[in-house]
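The structure appears right after this line, and notes come after that.
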Amino acid sequence: MSSLAANFNLFDEYNILRMICGLFLIPHLYAKFYVPAALGFFVAAGFKPPKFWMYLAGVIEFFLAIGLIFGIFVTISGAVAAVHLAVAAVGVYRVTGKYLWNIGGYEFCLFWAICCWVVAMHAYYAGGIWN
């Protein structure tokens, strides 16, 4: 089995987690470029200038999604995604002050940050930082 095919082996639970971590970034990436209300979050969270940070977050999410979905530089992609989502969690907390995701809290961001960190740890122990 080729390396690319191995990255998409759905009988490997790690591949499922890695791909889902990448796939869940896509709706957020889309929103940053096509949903005008997304800018309001960056304004409310205190990012300055908000439009710059929103677009930068979108570009970062694009590369993270590619890396995680296709299994490219997974250790780095997972670690950066974990930090990126932790920053998002802090932003959500600053805006809502709530934990539970179903009432607008940061729980969702924190959960996916931890999942991405687990993906990064697995990739690191399986093959090092460039894995």
Side-chain angles (χ1 to χ4, degrees):
M1 188 181 308
S2 73
S3 180
L4 184 60
N7 285 344
F8 291 98
N9 175 4
L10 296 180
F11 292 104
D12 181 341
E13 65 281 355
Y14 164 72
N15 283 344
I16 295 169
L17 179 60
R18 175 185 47 79
M19 288 188 288
I20 288 176
C21 284
L23 290 167
F24 267 61
L25 291 170
I26 293 173
H28 300 277
L29 163 65
Y30 175 86
K32 287 174 181 65
F33 291 98
Y34 297 106
V35 178
L39 182 60
F41 168 77
F42 286 83
V43 171
F47 288 93
K48 294 182 181 163
K51 192 176 273 191
F52 167 79
W53 289 107
M54 181 182 72
Y55 288 133
L56 179 62
V59 170
I60 290 168
E61 289 168 0
F62 172 80
F63 286 107
L64 293 175
I66 296 296
L68 290 168
I69 293 167
F70 291 100
I72 303 167
F73 300 122
V74 178
T75 302
I76 294 169
S77 296
V80 171
V83 171
H84 182 75
L85 288 161
V87 170
V90 170
V92 170
Y93 176 75
R94 289 181 70 181
V95 172
T96 69
K98 298 174 182 170
Y99 172 72
L100 297 174
W101 72 270
N102 56 338
I103 56 172
Y106 65 89
E107 176 186 17
F108 186 78
C109 297
L110 181 61
F111 171 79
W112 285 110
I114 293 167
C115 289
C116 288
W117 188 253
V118 169
V119 167
M121 287 172 46
H122 182 277
Y124 177 77
Y125 290 121
I129 195 163
W130 301 111
N131 184 24

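Nothing fancy with the numbering, it's 1 onward along the sequence.
By the criterion of side-chain heavy atoms lying less than 4.5 angstrom apart, applied directly or through intervening Ile, Leu, Val, Met, Phe, Trp or Tyr residues, F111 is not grouped with V90; the two fall into different hydrophobic clusters. Cluster membership check: V59 shares its hydrophobic cluster with M54, using side-chain heavy-atom separations under 4.5 Å among Ile, Leu, Val, Met, Phe, Trp and Tyr.
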**OP:** Carefully, step by step, assess Y93 and Y99 under the rule side-chain contact (heavy atoms from CB on, under 4.5 Å).
**Re:** CA-CA 7 Å; Y93 176 75; Y99 172 72; over 6 Å; no
Subject >> Stepwise side-chain contact (heavy atoms from CB on, under 4.5 Å) check, F42 with L56 >> reply: CA-CA 11 Å; F42 286 83; L56 179 62; over 6 Å; no
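Annotation for H28 and F108: closest pair NE2-CE2, 4.0 Å, computed over non-hydrogen atoms. Between A57 and K32, the shortest heavy-atom contact is CB-CE, 3.6 Å. Here the shortest heavy-atom pairing between C115 and L17 reads CB-CD1, 4.1 Å. Closest approach of F8 to M19, counting heavy atoms only: CD2-SD, 3.4 Å. When all heavy atoms of L68 and C116 are compared, the pair lying nearest together is CD1-SG, 4.4 Å. Nearest approach of G67 to V74, heavy atoms of both residues: O-CG2, 4.2 Å.
Rounding to the nearest 0.5 Å places CG of L64 at 16.0 Å from CZ of F24. Once rounded to the nearest 0.5 Å, the distance linking CG of L25 with CG of L85 reads 6.0 Å. If you take CD1 on I16 and CG on N9, they are separated by 8.5 Å, rounding to the nearest 0.5 Å. Here the CZ-CD distance, from F33 to E61, works out to 8.5 Å after rounding to the nearest 0.5 Å. One finds the CD1 atom of I20 at 11.0 Å from the CG atom of N15 (value rounded to the nearest 0.5 Å). The CD1 atom of I60 sits 11.5 Å away from atom CG of L29, with the distance rounded to the nearest 0.5 Å.
For CZ of F41, the number of neighbouring non-hydrogen atoms (other residues, nucleotides, ligands) closer than 6.0 Å is greater than 12. Residue-environment remark: CZ (F73) stays at or below the threshold of 12 foreign heavy atoms within 6.0 Å. Counting heavy-atom neighbours within 6.0 Å of Y14 OH, excluding the residue itself, gives a total above 12.
Within the 3.5 Å criterion, the main-chain N or O of Y106 finds no donor-acceptor partner in the side chain of T96. R18 places no side-chain N or O within 3.5 Å of a backbone atom of V119 that could act as its donor or acceptor partner. A donor-acceptor contact shorter than 3.5 Å is absent between the side chain of W112 and the backbone of C21. Counting only distance, with no hydrogens or angles, the side chain of N131 and the backbone of T75 share no donor-acceptor pair below 3.5 Å.
For the pair W117 and V83, the minimum side-chain heavy-atom distance is 4.5 Å or more.
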